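Only one structure is covered here, and it is reproduced in the block below.
None of the values given here were measured: they were computed from a predicted structure. We count residues from 1, following the sequence as given.
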Amino acid sequence: MMKKFAAAAALLSLSFAAFAQQSVSFVEPADGATVTSPVKVKFAVTGMEVKPAGDMTANTGHHHLLINAAPVKAGEVVPADEHHIHFGKGQTETEVKLAPGTYVLSMQFANGLHQSYGPGMAKDIKITVK
């Protein structure tokens with residue numbers, strides 16, 4: 001009985017460890033960077049796989065870039081407008097034209113239906129465009 005309990009506990013802790021390792025990050029630009037327009041943006045994801053919109057395979061999704069926009073709660077659909085740019089073809093980089101100023105760029109990972117995975121799969125950076 002103890003062996004079964006120990007095995008179950010080990011599997012459970014591995015599941016939590018795998019979930020805890022899921023994250024997104026900006027490859028570039030760096031947080032706090034001063035850049036010129038167009039701004040080259042590269043995305044990364046750990047613990048999940050990038051798939052195009054429409055693909056609802058478990059542990060997959062695609063990137064969304066939020067520009068000076070509030071975070072999208074888990075389960076809510078990421079809007080599509082000038083502040084919420086979708087990368088539904090599975091793109092992992094882009095160039096964005098931004099006027100001079102300071103910006104908060106937020107990367108939000110979402111499933112194939114554009115439903116946000118929430119703050120655990122989001123990352124914010126601040127940049128200045130000169």
Side-chain angles (χ1 to χ4, degrees):
M1 179 78 161
M2 287 302 284
K3 286 182 183 181
K4 286 183 182 180
F5 177 75
L11 283 175
L12 187 59
S13 67
L14 285 175
S15 296
F16 282 123
F19 181 74
Q21 293 175 4
Q22 293 176 331
S23 65
V24 292
S25 59
F26 284 93
V27 175
E28 66 178 271
D31 188 25
T34 297
V35 298
T36 57
S37 188
V39 180
K40 186 165 189 168
V41 181
K42 289 186 179 182
F43 314 114
V45 63
T46 302
M48 295 185 90
E49 189 176 348
V50 175
K51 295 280 187 176
D55 188 325
M56 289 299 292
T57 305
N59 293 313
T60 67
H62 59 278
H63 296 287
H64 299 80
L65 179 63
L66 284 57
I67 302 170
N68 291 340
V72 180
K73 294 179 185 175
E76 289 185 4
V77 173
V78 178
D81 57 32
E82 67 274 5
H83 298 283
H84 302 84
I85 304 170
H86 289 238
F87 297 95
K89 293 180 182 176
Q91 305 97 308
T92 58
E93 61 182 75
T94 191
E95 287 189 353
V96 181
K97 291 182 182 178
L98 296 172
T102 57
Y103 295 87
V104 174
L105 301 182
S106 304
M107 184 189 326
Q108 179 66 68
F109 207 65
N111 69 18
L113 297 178
H114 306 283
Q115 296 166 324
S116 170
Y117 283 117
M121 289 300 288
K123 177 71 176 179
D124 296 342
I125 61 170
K126 293 179 182 177
I127 64 166
T128 300
V129 178
K130 60 179 183 171

Leu65/Phe87 under side chain to side chain contact (heavy atoms under 4.5 Å, CB included): CA gap, chis, key distance, verdict: CA-CA 8 Å; Leu65 179 63; Phe87 297 95; 3.7 Å; yes
Flag side-chain contact, heavy atom, 4.5 Å: Pro29 against Val41: yes
His84 and His64, any side-chain heavy atoms less than 4.5 Å apart: no
Backbone of Gly61 reached by a side-chain donor or acceptor of Asn111 within 3.5 Å: no
Nearest non-hydrogen partners of Val27 and Ala44, listed with the distance: CG2-CB, 3.8 Å
Listing, residues 90-102 side-chain donor-acceptor contacts under 3.5 Å, not counting sequence neighbours, or none:
| unit_1 | atom_1 | unit_2 | atom_2 | d |
| --- | --- | --- | --- | --- |
| Gln91 | OE1 | Lys89 | N | 3.0 |

Reported OG1-to-CE distance for the pair Thr57 and Met48, which is rounded to 0.5 angstrom: 10.5 Å
Shortest non-hydrogen contact between Ile67 and Glu82, atoms and distance: CD1-O, 4.3 Å
Residues 116-124 side chain polar contacts: donor-acceptor under 3.5 Å, at least two apart:
| unit_1 | atom_1 | unit_2 | atom_2 | d |
| --- | --- | --- | --- | --- |
| Ser116 | OG | Val72 | O | 3.0 |
| Ser116 | OG | Gln108 | NE2 | 3.1 |
| Ser116 | OG | Gly118 | N | 2.8 |
| Tyr117 | OH | Thr60 | O | 2.5 |
| Asp124 | OD1 | Ser106 | OG | 2.6 |

Residue pair Asn59 / Gln22, side-chain heavy-atom distance below 4.5 Å: yes
Gap separating the NZ atom of Lys126 from the CG atom of Leu105, nearest 0.5 angstrom: 12.0 Å
Donor-acceptor pair, side chain of His62 and main chain of Val50, under 3.5 angstrom: no
Side chain to side chain donor-acceptor pair (under 3.5 Å): pairs with one or both residues in residues 27-42, sequence neighbours excluded: none
Heavy-atom side-chain proximity of Thr46 to Ser25 below 4.5 angstrom: no
Student check: side-chain heavy atoms of Tyr103 and Val35 closer than 4.5 Å: no
Co-membership, hydrophobic cluster, residues Met107 and Val45, 4.5 Å side-chain: yes
